[in-house]
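Have a look at the structure below before the remarks.
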Amino acid sequence: KWDKFNKKVLFLTFGVRNYIEPYLYPQYPDLNWNKLLSDSEEVIFQFAKNNPSILVFYKMGHIEDHNEEFIKKCQNNNLNNIVTLDRSFPCNELILYSDLIIGFQTTAMFEAMFSDKTIFYLYWAISDILDRKTQLLPIADSEACTVINSKEDFYNSITSWSNGDIKFAKPSQKELNNRKITREIMFYNADGNVAERYHNEINEIIESKANL
C-alpha cells in the first residue's frame with residue numbers, strides 16, 4: 001500500500017534530551033531539543049498536508065517526547081500520508097525504501113550514509129551550553145549530507161526536493177566521498193562479513209578450549 005506514493009520521506013524523530021549527557025541535567029534543567037523538535041514537526045506536518053502524494057514515515061526511536069501530540073494532530077487532520085512507526089520496525093529497511101532521510105542526533109544517520117539517498121541533518125536551536133565539536137555526533141561537519149540551519153531552510157529545502165530541484169535530487173560526488181570517509185571512521189571494517197568473522201572467532205575459542 002505504500003508503493004502507491006510517488007516519493008517516500010523518512011523522518012527520524014527524537015526525544016527532547018537524546019544525546020545530552022545526564023550530568024548536565026542538574027546544572028541546566030532547561031537544556032533540551034524542544035524547539036528543534038516542534039519546529040521540525042511543524043514543517044513535516046505542513047509538508048505532508050501540501051503533498052498528499054508523498055508518504056512520510058514518522059519513525060520513533062527510544063522513548064520519545066510529544067509523539068502522541070503530533071500523531072493526534074495528524075489524525076485529526078486526516079493526514080493519511082504520515083505513517084507512524086515505533087522502534088521495532090527495521091530502520092535499515094526504511095532507509096533503503098525511502099527517497100529522503102531526515103534526522104538529528106541519531107546513529108541511524110550514519111547508517112543512512114551507506115546509501116546514496118539524500119540526507120537532511122537538522123541543525124538549529126542548539127544551545128550555546130553545548131560544545132558542538134565534542135558533545136554532538138560528528139554529522140554537521142562531515143560534509144556527507146545537507147545541513148539544515150533553520151525552520152525556514154527546512155521547509156524550503158524539503159519543498160525544493162519534492163519539486164525535483166537538482167540540488168537535492170541526489171548527493172554530490174563530494175558528499176558520497178565524505179560518506180565513505182565517515183563510514184570508515186564510525187563503522188570500521190564494515191564490509192558485510194562481521195557475522196562470519198564473529199562466527200569464526202567463536203569456533204576458534206571453542207576449538208582451543210577442546211584441545212586443553
Side-chain angles (χ1 to χ4, degrees), residues 2 5-20 28-87 89 91 94-95 97-109 111-112 117-130 132 135-137 139-140 145-165 167-169:
W2 293 339
F5 292 93
N6 294 336
K7 294 181 179 180
K8 292 94 178 174
V9 174
L10 172 58
F11 174 60
L12 300 164
T13 187
F14 48 91
V16 297
R17 283 203 156 188
N18 280 19
Y19 291 91
I20 297 177
Y28 308 103
D30 297 326
L31 183 60
N32 57 60
W33 312 123
N34 269 323
K35 178 168 175 51
L36 179 61
L37 182 59
S38 62
D39 282 356
S40 301
E41 288 182 338
E42 283 183 35
V43 170
I44 290 294
F45 176 85
Q46 195 60 49
F47 174 78
K49 193 173 181 179
N50 294 343
N51 296 273
S53 64
I54 297 179
L55 180 65
V56 177
F57 293 112
Y58 182 82
K59 176 68 167 67
M60 294 175 277
H62 298 282
I63 297 174
E64 312 293 339
D65 303 274
H66 307 306
N67 291 152
E68 291 183 7
E69 183 180 336
F70 178 78
I71 293 168
K72 186 175 181 180
K73 181 180 177 181
C74 294
Q75 292 171 340
N76 290 342
N77 285 269
N78 297 315
L79 286 186
N80 298 321
N81 59 328
I82 290 187
V83 175
T84 59
L85 299 170
D86 64 25
R87 65 178 306 187
F89 200 98
C91 195
L94 287 172
I95 290 169
Y97 187 62
S98 301
D99 302 292
L100 169 65
I101 295 92
I102 302 166
F104 176 49
Q105 287 287 286
T106 170
T107 51
M109 294 291 280
E111 293 180 54
K117 308 296 178 69
T118 302
I119 303 173
F120 285 176
Y121 176 60
L122 307 175
Y123 195 56
W124 72 92
I126 310 295
S127 172
D128 291 335
I129 294 167
L130 297 172
R132 300 187 183 203
Q135 292 179 296
L136 293 180
L137 295 174
I139 301 174
C145 55
T146 300
V147 178
I148 306 296
N149 290 300
S150 70
K151 179 180 178 180
E152 294 71 28
D153 184 19
F154 185 20
Y155 185 79
N156 292 336
S157 296
I158 194 172
T159 300
S160 296
W161 168 83
S162 68
N163 291 333
D165 187 332
K167 177 182 176 182
F168 301 109

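When reading the values below, keep in mind they use all heavy atoms of this one structure, side chains included, and skip hydrogens, waters and symmetry mates. Bear in mind the structure is a predicted one, so any value in this text is a computation, not a measurement.
- Contact annotation: the side chain of F104 never approaches that of L12 to less than 4.5 Å [non-hydrogen atoms, C-beta and beyond].
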- Task: Would you check, one step at a time, whether the test side-chain contact (heavy atoms from CB on, under 4.5 Å) holds for W124 with D39?
- Result: CA-CA 10 Å; W124 72 92; D39 282 356; 3.0 Å; yes
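- In this structure, the side chains of V83 and W2 come closer than 4.5 Å at one or more pairs of heavy atoms.
- Of the options T118, I101, I102, a side chain to side chain contact (heavy atoms under 4.5 Å, CB included) to V9 is made by I102 and by none of the others.
- For the pair S98 and F11, the minimum side-chain heavy-atom distance is 4.5 Å or more.
- Under the 6.0 Å cut-off for aromatic ring centres, F14 and W33 do not qualify, their centroids lying 6.0 Å or more apart.
- Ring pair F120/F168: centre-to-centre distance below 6.0 Å.
- The heavy-atom pair separating L37 from V16 by the smallest distance is CD2-CG1, 3.9 Å.
- If you take OG on S160 and CD1 on I158, they are separated by 10.5 Å, rounding to the nearest 0.5 Å.
- In this structure, the side chains of S40 and I148 stay at 4.5 Å or more apart for every pair of heavy atoms.
- Residue M109 comes nearest to I139 through the heavy atom pair CB-CD1, 3.8 Å, listed as atom of the first residue, atom of the second, then distance.
- Across all non-hydrogen atoms, the minimal contact from N32 to D30 is ND2-O, 2.9 Å.
- Nearest heavy atom pair, residue R87 against residue K59, reads CA-NZ, 3.4 Å.
- Looking at Q46 and N50, their side chains do bring a donor and an acceptor atom within 3.5 Å of each other.
- Listed for the S162 side chain is a donor-acceptor partner under 3.5 Å among the backbone atoms of T159.
- To the nearest 0.5 angstrom, L31 atom CG is 4.0 Å from I20 atom CD1.
- For the pair K8 and Y97, the cation-pi test (distance below 6.0 Å, angle within 45°) is passed.
- Residues C145 and Y121 approach most closely at SG-CB, 3.8 Å, considering heavy atoms.
- Other residues, nucleotides and ligands contribute only 12 or fewer heavy atoms inside 6.0 Å of the NZ atom of K35.
- Here the straight-line distance linking atom CG of L79 with atom CZ of F70 works out to 8.0 Å at 0.5 Å rounding.
- Between the CE atom of M60 and the CG atom of L85 there is a distance of 7.5 Å, given to the nearest 0.5 Å.
- When all heavy atoms are compared, the tightest approach of A48 to N81 is O-ND2, 2.9 Å.
- Atom CZ of R17 sits about 9.5 Å away from atom CG of N34, to the nearest 0.5 Å.
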- Message: Pair T107, Y19 - check side-chain contact (heavy atoms from CB on, under 4.5 Å), show working.
- Response: CA-CA 10 Å; T107 51; Y19 291 91; 3.7 Å; yes
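- Looking at heavy atoms from C-beta onward, Y123 lies in side-chain contact with L136 at the 4.5 angstrom threshold.
- Within the 3.5 Å criterion, the main-chain N or O of L137 finds a donor-acceptor partner in the side chain of Q105.
- No side-chain heavy atom of N18 sits under 4.5 Å from any side-chain heavy atom of T106.
- Note: K167 NZ to W161 CH2 = 15.5 Å, rounded to the nearest 0.5 Å.
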